[in-house]
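Working notes for the structure below.
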Amino acid sequence: MAPPTQRPSLLVIVGPTASGKSELALRVAKRYGGEIIAADSRTIYKGMDIGTAKPTSQQQAEVPHWGLNLVEPGQAYSAARFKEHALGKIDEITRRGRLPILVGGTGLYVDGVVFDFNFPPPPAFGERESLEKLSSKELQNLVEEKKYPMPENRHNRRHLVRVIERQGKQGEKQQMPKPGTLIIGLMPDEEQLKKRIATRAVEIFDKGVITETQKLSAKYGEKALLSTAGIVYKICLRLLRKEIDKDEAIWLFQTADWQYARRQRTWFKRNYHITWYPNSKQAYQAVTKILNT
RNA sequence: GCAGGGUUAGUGAAGCGGUCAAACACGGCAGACUGUAAAUCUGUUGGCAUUCGCCUUCGUAGGUUCGAAUCCUACACCCUGCA
């Protein structure tokens with residue numbers, strides 16, 4: 001897809017974890033007076049800084065960041081809530097005459113904004129808890145009884161629950177991205193991405209995720225942490241319980257992060273409106289060309 | 001040196017004469033996914049053909065048997081007990 005010829009009103013940067021999205025966003029923001037909105041389902045949590053590779057306080061001081069630290073660990077959040085938040089911020093930033101830059105690896109969050117998903121209503125209070133007590137078979141039966149569309153995969157309990165919660169309603173979306181949107185994708189080749197993930201994992205441990213995990217666990221409890229925390233924290237909890245040692249923890253983190261990156265790749269692959277670049281440098285040059293016109 | 005246990009696909013680990021290309025777990029690969037998404041789930045995973053099927057695997061080399069990952073012999077390596 002050819003990039004729009006006029007100056008975009010929204011820049012979106014997507015890609016797998018550790019592909020260099022933040023770096024690119026920061027450079028573009030600094031040069032063109034942009035403000036960053038993180039579309040990331042983990043950096044929304046307060047206190048989860050090191051383990052989520054959240055932009056540092058210095059970076060946040062250089063460029064305004066939004067979408068971070070929205071809720072406490074253990075609290076639920078959703079793609080629908082993110083969409084509202086992001087749209088509000090995009091509006092504010094635009095009105096200030098600055099460039100909104102939506103950056104993230106959470107495909108659902110990004111697409112919700114970009115393709116204007118209309119999310120079916122949330123579950124009624126307490127509904128989820130009772131549905132989750134049912135067996136998969138019972139959930140399937142419920143879906144069939146009510147003639148709701150069966151999720152493509154009938155073994156996916158979570159999707160079954162959701163179909164019931166939204167009373168079989170299908171969400172709608174726009175076929176084309178929001179007008180004026182430029183979507184840049186970062187996709188290093190496999191070997192490079194693996195390397196980046198591996199070295200970043202080591203860095204994250206060097207910076208002290210273990211201590212961070214301890215603090216979070218003390219403040220919010222292991223249960224809250226397990227229910228909302230991302231990849232590293234779960235591994236660090238095992239480390240703190242002495243089930244594994246540090247080297248194993250790093251190894252586990254690297255492979256889990258790679259698996260995550262692949263899921264992200266699968267998600268973004270089907271979006272034909274993304275213009276892909278192998279690294280942030282090349283992407284930056286391309287973006288520069290477009291924004292200078 | 002003697003006695004015993006072990007060596008199975010990328011890794012761990014079942015199998016102990018036929019229904020074994022070999023359970024299971026992990027890892028790998030492909031995919032799905034609109035109010036949990038760093039989540040959750042599916043398929044696939046020796047090679048070739050991809051319909052019947054064919055070929056090469058279970059430490060190495062021989063042997064027994066209609067038939068062996070499974071039994072026997074020798075060798076190699078690893079672990080344990082006695083020396």
Counting any heavy atom closer than 4.0 Å, what does [X] reach on the DNA or RNA strands: base, sugar-phosphate only, or nothing?
X	answer
A/D40	base
A/P121	base
A/G104	nothing
A/N118	base
A/T228	nothing
A/E132	base

Practice item. Nearest-nucleotide wise, let me know which of A/R263 and A/S78 is further upstream toward the 5' end of RNA chain B. Key: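 Taking each residue's closest nucleotide, the earlier one in sequence belongs to A/S78.
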Exercise for review: With RNA chain B as reference, determine whether A/Y77 or A/R265 sits nearer its 5' end, using the nearest nucleotide of each.
Suggested key: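 The 5'-side residue here is A/R265.
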Does the structure show a Watson-Crick or G-U wobble partner for [N], both distances under 3.5 Å? Name it, or say none.
N	answer
B/rU42	B/rA30
B/rC54	B/rG47
B/rA9	none
B/rA14	none
B/rA74	B/rU60
B/rG1	B/rC82
B/rC20	none

Exercise for review: Could you tell me whether A/R270 sits above the aromatic face of A/W267, with NZ or CZ closer than 6.0 angstrom to the six-membered ring centre and within 45 degrees of the axis?
Suggested key: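 Geometry flag: set, cation within 6.0 Å and 45°.
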Check your understanding: Got a salt bridge between A/E92 and A/K89, using NZ or NE/NH1/NH2 to carboxylate O under 4.0 Å?
Key ->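 A salt bridge is present here (some side-chain N lies under 4.0 Å from a carboxylate O).
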Review point. Would you call A/K133 and A/E129 a salt bridge, using N to O less than 4.0 angstrom?
Key: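 No salt bridge links A/K133 with A/E129.
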Between [X] ([atom1]) and [N] ([atom2]), how many Å, whole number?
X	N	atom1	atom2	value
A/W267	B/rU42	CH2	P	18 Å
A/R42	B/rA37	CZ	C1'	7 Å
A/N153	B/rC33	CG	P	11 Å
A/F82	B/rU34	CZ	P	17 Å
A/N271	B/rU34	CG	P	13 Å
A/R157	B/rC41	CZ	C1'	12 Å
A/E165	B/rU40	CD	P	16 Å
A/L108	B/rU34	CG	C1'	6 Å

Rounding to the closest angstrom, what is the interatomic distance between [N] and [M] at atom [atom1]?
N	M	atom1	result
B/rG15	B/rA68	C1'	13 Å
B/rG10	B/rG5	C1'	26 Å
B/rU60	B/rA69	P	12 Å
B/rC75	B/rG1	P	12 Å
B/rG46	B/rU80	P	35 Å
B/rA83	B/rG12	P	34 Å
B/rC16	B/rA22	C1'	13 Å
B/rU11	B/rA3	P	33 Å

Does [X] have a side-chain nitrogen or oxygen under 4.0 Å from the phosphate oxygens OP1 or OP2 of [N]?
X	N	result
A/W258	B/rC29	yes
A/Q259	B/rC26	no
A/K269	B/rG31	yes
A/R154	B/rU42	no

Among [options], which nucleotide has an atom closest to any side-chain atom of [X]?
X	options	value
A/H159	B/rU34, B/rC29, B/rA32	B/rA32
A/K194	B/rU42, B/rG35, B/rC29	B/rC29
A/E172	B/rG35, B/rU34, B/rA32	B/rU34

**Study point:** B/rU34 base stacked by A/F119 (centroids within less than 5.5 Å, tilt under 30°)
**Key:**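 The base of B/rU34 is not stacked with A/F119 (the test needs centres under 5.5 Å and planes under 30°).
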Point to revise | Distance-only side-chain donor-acceptor flag, A/N292 / A/Y32, under 3.5 Å | key: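 Yes, a side-chain donor-acceptor pair sits under 3.5 Å.
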Exercise for review: Return yes when atom CD of A/E62 has more than 12 non-hydrogen atoms of other residues, nucleotides or ligands closer than 6.0 Å, and no otherwise.
Suggested key: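 More than 12 within 6.0 Å, yes.
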Exercise for review: Have a look at A/Y233 and tell me which of A/E212, A/R238, A/R42 forms a side-chain hydrogen bond (donor to acceptor under 3.5 Å, both in side chains) with it.
Suggested key: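 Between A/Y233 and the candidates, side-chain hydrogen bond (donor to acceptor under 3.5 Å, both in side chains) is satisfied uniquely by A/E212.
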Review point. For the side chain of A/Q254 and the backbone of A/A201, is there at least one donor-acceptor N/O pair under 3.5 Å apart?
Key: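 Not a single qualifying donor-acceptor pair exists.
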Check your understanding: A/I90, A/L108: one ILVMFWY side-chain cluster at the under-4.5 Å cut-off?
Key ->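 Cluster IDs for A/I90 and A/L108 match.
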